[in-house]
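Chain naming here is simple, since letters A, B, ... match the order of the sequence lines and numbering starts at 1 in each. Values reported hereafter were calculated over all heavy atoms of this structure, with side chains retained and with hydrogens, waters and symmetry mates removed.
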Protein chains: 2
Amino acid sequence: MDLRTLRYFSAVVREGHFGRAAASLGIAQPPLTRQIQKLERDLGVSLLQRTRKKFEVTPAGRLLYERAGRLLDGADQTEADVRRAGTGETGRLVIGFVHSNTFTILPGAVARFRAAYPDVEMDLREMRHDNLVAGLENGGIDVGLLRPPVSSRALQAVTLIHEPFLALVWSGHRLAARRTVQLGQFASEPFVMYSRIGAPLIHTRVMEMCKRAGFAPRIAQYADQIDTVASFVAAGIGVALAPSTVTSFNMPSLRCLRIADRPAPLAMGVMWRTGNASGLVRNFTRVAREAAVVWRPLALLD
Amino acid sequence: MDLRTLRYFSAVVREGHFGRAAASLGIAQPPLTRQIQKLERDLGVSLLQRTRKKFEVTPAGRLLYERAGRLLDGADQTEADVRRAGTGETGRLVIGFVHSNTFTILPGAVARFRAAYPDVEMDLREMRHDNLVAGLENGGIDVGLLRPPVSSRALQAVTLIHEPFLALVWSGHRLAARRTVQLGQFASEPFVMYSRIGAPLIHTRVMEMCKRAGFAPRIAQYADQIDTVASFVAAGIGVALAPSTVTSFNMPSLRCLRIADRPAPLAMGVMWRTGNASGLVRNFTRVAREAAVVWRPLALLD
DNA sequence: ATGTTCGATACCCAATTGGTATTAGGAAAA
DNA sequence: TTTTCCTAATACCAATTGGGTATCGAACAT
């Protein structure tokens, strides 16, 4: 008893006529007759009471007709649902992201994705960079928004946006009126520094830039997250180098200055496990790329 | 997407291994591999994430696995139910019967049938002979317990039991002490007679017997049903000729006498529409026949 | 390194399915 | 009553599909 046969039987009962049923099924009448006979033989049950020219449906036939209808509906629904799941239109997507995203591509990407795939359940998790990488590797996280590069062969990455570094000073600072600053001018300034564990990449980059400018920064304060860094600077604790995302904060006593020698910007990307063919991941990364195209760092608007 | 393919896919996911799945399905591994590939092609969805030697089930595959399990269970259940319906183990059986049955084969047949087929819903309807015949012909009644013969080509009948006629008198009657009576001795007796419309067959038979015995009965009272006839006789209103069923009544003032020339007994049979292959009807008629074999008219016990 | 395991592929055969032509038997019309 | 039409069943043929055997290639274990 397979679904095709049930479809045939359903059509015969529905139409009450082998010829019309065959036509509606797109096959000829003789094979249809044979299939119904075979079904009856297989079940060992007479489903139609035949009188050479007409037929009546037996009680067993009526029962099968009802059940077959439900089974066929269920099968069609399943097929549709599996297709949708396969193309990533339904299901559950676990998205990990590092804090920096909160003010850049995450909001736009999530909004666009929800609009495009309303039936996908999104599980958003803010995580530290290292946990996120581990989660992506062991499958706990489907897709991650974090800063490349990540030295894992198991992961695949696409860079979405580049955020230039800006120099941050408080409004009372001697350089606050400047539009552009030479990094060397920060040589003796106290620094508000991204912590090594909270943001290893930025930490490294800042140290590197200072070194290139010929000095080692005197660290007055560590902070984990960009908003903390910004508020410390605004409070006059020190200067800082931070990605352009800071411009999305409305802090009156914070000044964001361009850096004269234009250091390489920080990247933000989307990553997933290599070979994860899930439509959900494919769709999310595509939407994230679309969101990134639209995204403009505020500092570059002028 | 047919049920066989779903069974295959289910086995693969369940076993987590193509070889074992193929073995459990009783087929070789290569065709199984091909069927799964075909399923994925048909759905346009990758169900298994293959790594040359192992595989993982994708979210879409997991969804299909769950749904497939339910569909297959449903299909198996349907198959079993239809089989049972076809063999007459389930369903609804409308049984029509004439009143006379109440004291003969009906109770036994119903009890046996219910015991043998507890899942069949029985709809028991007492009806007049003519309505019962009409019901059987138009399909409103599946099977009838009534007195043959019935002159309908559309109906098929099996005689179950024969009930001999007995002569009934009240205990104060001049013949009450007799064991056997000649019908001629009733020539001038007042008769309690079955009505023509209530029991046309018995009415005719009684008239016929009297005529054969050389007299026309003087009718003192008409009655429709055997218990009414018996109680009228017991009340001394007249004598009567009735089927042996009367002996099942415990009426102290009623005497049942044998009739000397042993008139042909009344038959009681089971009837159904010709060509009604319903297992329910087949089963009921069989059980009724079994019940009839066991049934013994009380009057014949001595 | 080497053998083993496991899914994939190639190729073949059998079974199943569908199509065309025709038959048989009722039902309706003449 | 006879004829014609209609409908399911049958006979036969072709094409597709499904399953089997042999074998491969890559990955894992020894």
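Taking the ring centre of A/Tyr8 as origin, the terminal cationic atom of A/Arg4 falls inside the region bounded by 6.0 Å and 45° from the ring axis.
In this structure, the CD atom of A/Glu15 is 15 Å from the C1' atom of D/dT7, given to the nearest Å. Atom P of nucleotide D/dA26 and atom CZ of B/Phe18 are separated by 18 Å, given to the nearest angstrom. For the pair B/Gln29 CD and D/dG19 C1', the interatomic distance rounds to 12 Å; values are reported in whole Å. Note: CG (A/Leu32) to P (D/dA8) measures 9 Å, nearest angstrom. Atom OH of A/Tyr8 is separated from atom C1' of D/dA8 by 17 Å (rounded to the nearest Å). Put simply, NE2 on B/His17 is 13 Å from C1' on D/dC28, counting in whole angstrom units. B/Ile27 places its CD1 atom 17 Å from the P atom of D/dT17, with the value rounded to the nearest Å.
Checking B/Glu163 against B/Thr104 by side-chain atom types alone, no donor-acceptor pair falls below 3.5 Å. In summary, the side chains of A/Thr78 and A/Asp81 do not present any donor paired with an acceptor at a separation below 3.5 Å, with no hydrogens or angles considered. Checking A/Gln77 against A/Asp73 by side-chain atom types alone, no donor-acceptor pair falls below 3.5 Å. Between the side chains of B/Thr33 and B/Gln29, a donor-acceptor pair is found at a separation under 3.5 Å. Looking only at atom types and distance, the side chain of B/Asn131 has no donor-acceptor partner in the side chain of B/Arg128 under 3.5 Å away.
Heavy-atom neighbours of A/Arg196 CZ from other residues, nucleotides or ligands within 6.0 Å: at or below the threshold of 12.
Checking the phosphate oxygens (OP1, OP2) of D/dG18, a side-chain nitrogen or oxygen of B/Arg4 falls inside 4.0 Å. Remark: A/Thr33 is not in phosphate contact with D/dA8, judged by side-chain N or O atoms under 4.0 Å from OP1 or OP2.
Judged by atom type and distance alone, A/Gln37 does not reach the base of D/dA9 through any side-chain donor-acceptor pair under 3.5 Å.
Taking the nucleotide of DNA chain C with the nearest heavy atom to each of A/Pro31 and B/Arg34, the more 5' of the two is matched to B/Arg34. When each of B/Arg50 and A/Asp2 is assigned the nucleotide of DNA chain C bearing its nearest heavy atom, the one mapping closer to the 5' terminus is B/Arg50.
With D/dG18, D/dA22, D/dA9 as the choices, the nucleotide that has an atom nearest any side-chain atom of B/Lys38 turns out to be D/dG18.
Running 5' to 3' along DNA chain C, contacts with non-hydrogen atoms of chain A at under 4.0 Å begin and end at C/dT17 to C/dA27.
Within 4.0 Å of B/Gln35, counting heavy atoms only, lie sugar-phosphate atoms of the nucleic acid but no base atom.
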